[in-house]
K.L.:
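One structure is given below, represented as structure tokens, and several questions about it will come after.
So you know, we letter chains A, B, ... as the sequences are listed, proteins then strands, and number each from 1.
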Amino acid sequence: MSTLSLSLTFFLLFHACLALRPFRQQSQNQCQIQNINALEPNERVQGEAGYTEFFDSGNQQFQCAGVEVIRHHIQPQGLLLPSYLNSPLMVYIIQGRGYQGIMLPGCPETFQSSQQMQESGSFQDRHQKIRHFREGDVIVIPTGAAHWMYNDGEEEIVAVVLVDSTNAANQLDQYHRRFFLAGNPEQGKEQSPEEGSSNIFRGFDLDILREAFNVDQETAEKLQSRDDNRGHIIRVERGLQVIRPPMRIDQEIRGPRDNGLEETVCSAKITSNINDASHADFYSPEAGWTNHLNSFKLPVLQMVQLSAERGVLRRNAIMSPYWITNAHGIIHVTSGNMRMQIVNNEGQAVFDDMIQEGQLVVVPQNFVVVKQAGEQGCQWISFRTNDNSVVNTLAGQRSAIRAIPVDVLANAYQMSPEQAWRLKNSRKETVMFASSRSRS
Amino acid sequence: MSTLSLSLTFFLLFHACLALRPFRQQSQNQCQIQNINALEPNERVQGEAGYTEFFDSGNQQFQCAGVEVIRHHIQPQGLLLPSYLNSPLMVYIIQGRGYQGIMLPGCPETFQSSQQMQESGSFQDRHQKIRHFREGDVIVIPTGAAHWMYNDGEEEIVAVVLVDSTNAANQLDQYHRRFFLAGNPEQGKEQSPEEGSSNIFRGFDLDILREAFNVDQETAEKLQSRDDNRGHIIRVERGLQVIRPPMRIDQEIRGPRDNGLEETVCSAKITSNINDASHADFYSPEAGWTNHLNSFKLPVLQMVQLSAERGVLRRNAIMSPYWITNAHGIIHVTSGNMRMQIVNNEGQAVFDDMIQEGQLVVVPQNFVVVKQAGEQGCQWISFRTNDNSVVNTLAGQRSAIRAIPVDVLANAYQMSPEQAWRLKNSRKETVMFASSRSRS
Amino acid sequence: MSTLSLSLTFFLLFHACLALRPFRQQSQNQCQIQNINALEPNERVQGEAGYTEFFDSGNQQFQCAGVEVIRHHIQPQGLLLPSYLNSPLMVYIIQGRGYQGIMLPGCPETFQSSQQMQESGSFQDRHQKIRHFREGDVIVIPTGAAHWMYNDGEEEIVAVVLVDSTNAANQLDQYHRRFFLAGNPEQGKEQSPEEGSSNIFRGFDLDILREAFNVDQETAEKLQSRDDNRGHIIRVERGLQVIRPPMRIDQEIRGPRDNGLEETVCSAKITSNINDASHADFYSPEAGWTNHLNSFKLPVLQMVQLSAERGVLRRNAIMSPYWITNAHGIIHVTSGNMRMQIVNNEGQAVFDDMIQEGQLVVVPQNFVVVKQAGEQGCQWISFRTNDNSVVNTLAGQRSAIRAIPVDVLANAYQMSPEQAWRLKNSRKETVMFASSRSRS
């Protein structure tokens, strides 16, 4: 088969998924939430060179949103073994840098050594594209795409991962399944949250593996990794040797170059950095900024029907009360803290608390939220279950209240027209408001 | 943010939803219907200037179709307070006229007073577009879009509302939730069908409201409307004063004017009148007429995956037996009555009865229906859970029977070729047949 | 209504469904499969001129995939009576030839006799398009489209049918419903797998049928077929007489002719032959071939979100271990046999057995499969629950292992770089590998 036709195969994966929509599977009553708590991980699985934390997927918040969240910690020279899941993933790099490979079916091995590799004698290697990542990157991994991740930096990588288990691309049930291509990840755990996730090669007969790969018995046994006790994140002692271009810090510069002949679907952009105020969608020096990553900026998001928002609130600043008409929000605080109130249709605050760094809350679709940063300000990453979330604010410019005639407000709230006019017009800003306390 | 970019935000709501499809969430066996009844509302919630009736959403018919139905009665000068739901709505105005506001996120406030308002001193008001409506209009309200409705006519508004609670746009569970932006709608009810729907501002701290809106304590308290006992439909004593163009009766005239510069997604058409025989899709002076509103006529229907049919059958006239291949039908009789038979795949009539004005039945997808008007004829509105329903008739021109070769019919029904030929060709009409009784 | 506008009506059926996506409805835990068996039909319903076999739809494999499978056996001169289902169907003709009618709503009766029919006196017949089919054809039948099928060959037709009961086009529950337009199919069965499927005309009053079709009492009674005891497949004694063009064996030749004026949506292609090695997508003289039918080859598959693969493995040849990222596979062996291993995310073989001619297994999405043909080789048809399935192979060219850098493999599997290099490169083929045994 030619590269072209194989590329087309992968194109289908993208193209077909343009038709996806944000449907969530649920049984009755799963969003009858009376109480939301700020969550922290409740389980940990240790590997040789790092560990993975799991938020309790049985929690009602996650059940309502139909998602799960995990957090990887990968030490320098740590390698997260190749695996794939039955759901799309959205990864946010809280800290650290490294590179990763995502194996896209049908795409060619375009990274090729021009010289012999120094440490390995007489052969040339070829493999698929390697992608660098760094703090502030969002990475999208399609359903069923095998991927690995390596820390080539000097600090631990911390990566929070949204597992969209009720995504339309998952035709299995809502059970979170990870299929490892290597290692012995079950080793040493009684009950893993990714229950029983193991090396798929262990399910095959050695004879069949030998014949399928045309290799000797020893190699087939190593595929099964039965004696491996390093877990799912292993240490690469000498550092990983792969073919890759040098990392450019300024990844975001794009231009006419991108339309060169080498552009195919196999080189689809699947990462984007959203931790840069200079690309902010809302910016106020006093109040803070937000940066939305939607499918207009990163088209692959159409396929997975997810998006993300990076938010920064300055000290005591307040975010206009809002609801999202078409998505749940999964908010993970990455530094500082803030007070949040989340209100349901019964006019009750199902959440009214501080949320601290490392904690997480789910805001169900259409529930109304208000945020106010603490004394240190607050930064967060918010994952959303729609590729283009639509936000309704209640206060400020472009808000729902602003869209209502004064006389409707005056009658509805039994106030004077003057009061109604001030209610509409006292806030000139759109999304975030500097605190009167911090200004004074 | 510029108006353009904000308009784009709302465009996403539309664009993304082009990919929606008519999926219905259900548990097993919910369409194992052995018996369908003509339904009437079984609950009522009273407001100061009108009331809302609820059809029993626990009824198996609604469970099968994944929808709910309510009916508003709004008195002259009555205002249905601003609210939004977790599902798209399709409204049919059975009687009356008025106007409404739908707050579309990101759209500009394009209705602006050029003069000071007489009754309120020194300020100018601006708000989003106001839309007139009148008897026979279908109105589409997207999920999560806040809206209010006002009766500026002289008779009560009667509006039947389809709540499409299993629509793909609803990522919450199937529970019917209304989020009020004002009022105290819970007041005085033990158990509301919209259980616990209340003013969302009551869930927020007054301090946060004061700061978010930059208003005084009294205004913040009025947002919460704790002492309001007018319910969800209030009376506007002097009549509502809003900026709006004069109503044109001839709303349906459209032309090159519509392509002017002011056309943006924020002015998307969301209403259409279907109570006009002069735009009928099928018309027979003796038998009756039908008018279909699908996404070719009203593109916003692609977003909500709903459509509607207005039907009028003359005295004793009969509608060809038919099934709809891709939608449930929710039929509400607006005047007169008719006999209906609804047949399942077991060849049993699950409904065989008269349906009267004000009553409603659900016809599950693929079930076969026949209708015959009573002595006064019959008019109905039918909501359908697909933006373009595909109807198969069994008798008459373009029917399934007509599409089958004579010899297949003759063998299948063990009849002579002549009988089979007459079976195919005796009815020359397509959809509705005048009664032989009424003709004699 | 004009033909054009009616054609548009049907176009909607197609167009609207371009937005479909492969969502599967399920309750929790339905894919927690620990053990898969090769299945054979467990029930049979007999008709006068053939019978239908049912695979156990309660089996966990089918529950997981959300599909059902049946197999028709139609004798020469046998006619499967007209019926429609609440799900799309994908039919594969294992054996035999014949022709069929599918009644597409709104499409014109384009097959017309220019002469009087010899056996039936003085009338002309007109009906919708008749389509020939033969061994190796895949036929797609949209949800709710009535269809009949006739054997005009000299051997029994054997047709395996995928009923996609959780397809988005089915808004009813997952219950498999067949609505017959004729016959008395319930006759003589206590408990049919298509429980209670019967002639829909039996649910209507004779008076209404008489009036709707404008026929006499005797004809109306024959529509109900109460005394018919021939079952759902009847014998046409003299052979069926319909208007149809002669069959061309070389159906697959297409060219500029296809763009003639007569092309409308009513003549959409809904069948394609995939049993021809000369159109293979993968071909190896020693190992075998595969032929994929996806929506690029047959656009109607976009509507039903299904595809098919025809596979032929030579004696002892092996198919590279693979997983499908976006679909379940339903594999039915049509001749010979093969050994399969199916491995889950726990590294366990949930299936490790021979699968024989006439047997069927379901491969859940993302589960890994390896196939090795027996001594007689193996042929199969595989149905897939996505219109363009994406396959990841593990061994050979373009495999996931090939896409991974040597040093990642060496570290992951604790092998030398040389071993890792051989693991990647020992197999030069892509999909099927000739057996070393058969070569020796």
Side-chain angles (χ1 to χ4, degrees), chain A residues 1 6 9 12-13 16 19-21 23 79 81-82 86 101 103 105-106 109 119-121 123 125 127-128 143-146 148 168-169 171-175 177-179 181-183 196-200 202-205 208 211-215 219 222-223 225 228 234 236 240-243, chain C residues 18-24 26-32 64 318 320-321 323 325-328 341 343-349 364-366 368 370 372 385-388 390-392 395 398 400 402-408 411-415 417-419 421-423 426-427 430 433 436:
Chain A
M1 282 185 266
L6 282 156
T9 306
L12 298 179
L13 177 63
L20 291 183
R21 62 186 174 82
F23 186 81
L79 171 69
L81 290 177
N86 57 327
M103 280 65 82
E109 296 87 29
E119 67 285 287
S120 57
F123 57 83
D125 194 18
H127 52 76
Q128 281 194 14
T143 303
W148 53 267
Q171 297 190 6
L172 293 169
D173 46 33
Q174 292 187 26
Y175 187 70
R177 296 160 202 260
R178 190 184 286 268
F179 297 75
L181 300 193
S197 283
S198 184
N199 182 337
I200 52 171
R202 294 172 66 177
F204 291 112
D205 269 9
I208 282 191
E211 184 147 29
F213 285 91
N214 198 20
V215 292
T219 304
K222 284 185 169 168
L223 279 178
S225 309
D228 192 340
I234 65 171
V236 178
L240 201 62
Q241 308 295 319
V242 302
I243 306 147
Chain C
L18 296 185
L20 292 181
R21 62 184 174 83
F23 187 80
R24 313 269 106 195
Q26 278 147 2
S27 32
Q28 202 82 23
N29 298 332
Q30 283 184 319
C31 290
Q32 304 287 2
C64 172
I318 199 167
S320 174
W323 73 95
T325 65
N326 62 353
H328 301 298
Q341 289 193 300
V343 174
N344 68 7
N345 61 307
E346 301 177 29
Q348 291 166 351
Q365 183 191 15
N366 281 327
V368 192
V370 69
Q372 183 164 31
T385 58
N386 194 302
D387 67 327
N388 288 292
V390 174
V391 177
N392 269 281
R398 304 293 180 215
R402 196 63 92 85
I404 300 177
V406 159
D407 207 35
V408 172
N411 279 283
Y413 297 121
Q414 297 183 291
M415 52 176 66
E418 289 76 12
Q419 270 184 312
W421 191 89
R422 283 197 305 272
L423 178 68
S426 291
R427 277 290 178 196
T430 51
F433 314 136
S436 49

K.L.:
Could you look at A:Leu240 and say if it's the side chain, the backbone, both or neither that has a heavy atom under 4.5 Å from chain C?
P.N.:
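Both backbone and side chain.
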K.L.:
Measure distances from C:Tyr413 to the heavy atoms of chain A and classify the residue's part below 4.5 Å as side chain, backbone, both or neither.
P.N.:
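The answer is both parts of C:Tyr413.
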K.L.:
In Å and rounded to the nearest 0.5 Å, what is the CG to CD distance from A:Leu172 to C:Gln32?
P.N.:
9.5 Å
K.L.:
Using atom types as modelled and distance alone, determine if a side-chain donor or acceptor of C:Gln341 lies under 3.5 Å from a backbone N or O of A:Asp205.
P.N.:
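It does hold such a pair.
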K.L.:
Measure across A:Asp173 and C:Cys31 and return the closest heavy-atom pair with its distance rounded to 0.1 Å.
P.N.:
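Where A:Asp173 meets C:Cys31 most closely, the heavy atoms are OD2-N, 2.7 Å.
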K.L.:
Would you please name every residue forming a side-chain hydrogen bond (donor to acceptor under 3.5 Å, both in side chains) with C:Gln419, sequence neighbours left out?
P.N.:
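Counting only residues at least two positions away or on another chain, C:Gln419 forms a side-chain hydrogen bond (donor to acceptor under 3.5 Å, both in side chains) with A:Glu218, A:Thr219, A:Lys222.
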K.L.:
With side chains defined as the heavy atoms from C-beta onward, is the minimum distance between A:Pro105 and C:Val391 less than 4.5 Å?
P.N.:
no
K.L.:
Would a distance-only check, ignoring hydrogens and angles, find a side-chain to backbone donor-acceptor pair under 3.5 Å from A:Gln171 to C:Gln365?
P.N.:
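No.
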K.L.:
Among C:Val343, C:Ile318, C:Asn344, C:Val370, which residue forms the greatest number of heavy-atom pairs with chain A at distances under 4.5 Å?
P.N.:
C:Val343
K.L.:
So, the side chain of C:Asn411 versus the backbone of A:Val236: is there a donor-acceptor pair under 3.5 Å, distance only?
P.N.:
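Absent.
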K.L.:
Among C:Pro405, C:Ser426, C:Ala395, who wins on heavy-atom pairs under 4.5 Å with chain A?
P.N.:
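It is C:Pro405.
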K.L.:
Between C:Arg398 and A:Glu109, is a side chain to side chain contact (heavy atoms under 4.5 Å, CB included) present by the stated rule, with each step listed?
P.N.:
CA-CA 8 Å; C:Arg398 304 293 180 215; A:Glu109 296 87 29; 3.7 Å; yes
K.L.:
Find the distance between CG (A:Asn86) and OG1 (C:Thr325) and round it off to the nearest 0.5 Å.
P.N.:
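Reported value, rounded in 0.5 Å steps: 11.5 Å.
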K.L.:
Please find the pair of heavy atoms, one from C:Ala412 and one from A:Asp228, that lie closest to each other, and give the distance.
P.N.:
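Shortest heavy-atom separation between C:Ala412 and A:Asp228 comes out as O-OD2, 3.9 Å.
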K.L.:
Should A:Thr143 and C:Asn366 be marked as a side chain to side chain contact (heavy atoms under 4.5 Å, CB included) after you check the CA-CA gap, both sets of side-chain angles, and the distance that decides it?
P.N.:
CA-CA 9 Å; A:Thr143 303; C:Asn366 281 327; 4.1 Å; yes
K.L.:
Taking C:Glu346 first and then A:Arg202, would you say they form a salt bridge - that is, a charged N and a carboxylate O separated by under 4.0 Å?
P.N.:
no
K.L.:
Between A:Leu223 and chain C, which part of the residue has a heavy atom less than 4.5 Å away: side chain, backbone, both or neither?
P.N.:
both
K.L.:
Kindly indicate, with the supporting measurements, whether the criterion side chain to side chain contact (heavy atoms under 4.5 Å, CB included) is fulfilled by A:Glu211 and C:Gln372.
P.N.:
CA-CA 10 Å; A:Glu211 184 147 29; C:Gln372 183 164 31; 3.3 Å; yes
K.L.:
Checking C:Asn345 side chain against A:Phe179 main chain: does a donor-acceptor pair fall under 3.5 Å?
P.N.:
no
K.L.:
Considering only heavy atoms, which portion of A:Leu81 lies under 4.5 Å from any heavy atom of chain C: side chain, backbone, both, or neither?
P.N.:
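Just its side chain gets close to chain C.
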K.L.:
Looking at A:Ala212, is its backbone amide N or carbonyl O close enough to the side chain of C:Arg427 to form a donor-acceptor pair, meaning the two atoms are under 3.5 Å apart?
P.N.:
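Yes; judged by distance alone, with no hydrogens or angles, the pair exists.
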K.L.:
Carefully, step by step, assess A:Gln241 and C:Val406 under the rule side chain to side chain contact (heavy atoms under 4.5 Å, CB included).
P.N.:
CA-CA 8 Å; A:Gln241 308 295 319; C:Val406 159; over 6 Å; no
K.L.:
Testing the basics here: between C:Arg422 and A:Val215, what is the closest heavy-atom pair and its distance to 0.1 Å?
P.N.:
O-CG1, 4.3 Å
K.L.:
Counting distance only, does the side-chain N/O of C:Trp323 pair as donor-acceptor with the main-chain N or O of A:Gly144 below 3.5 Å?
P.N.:
yes
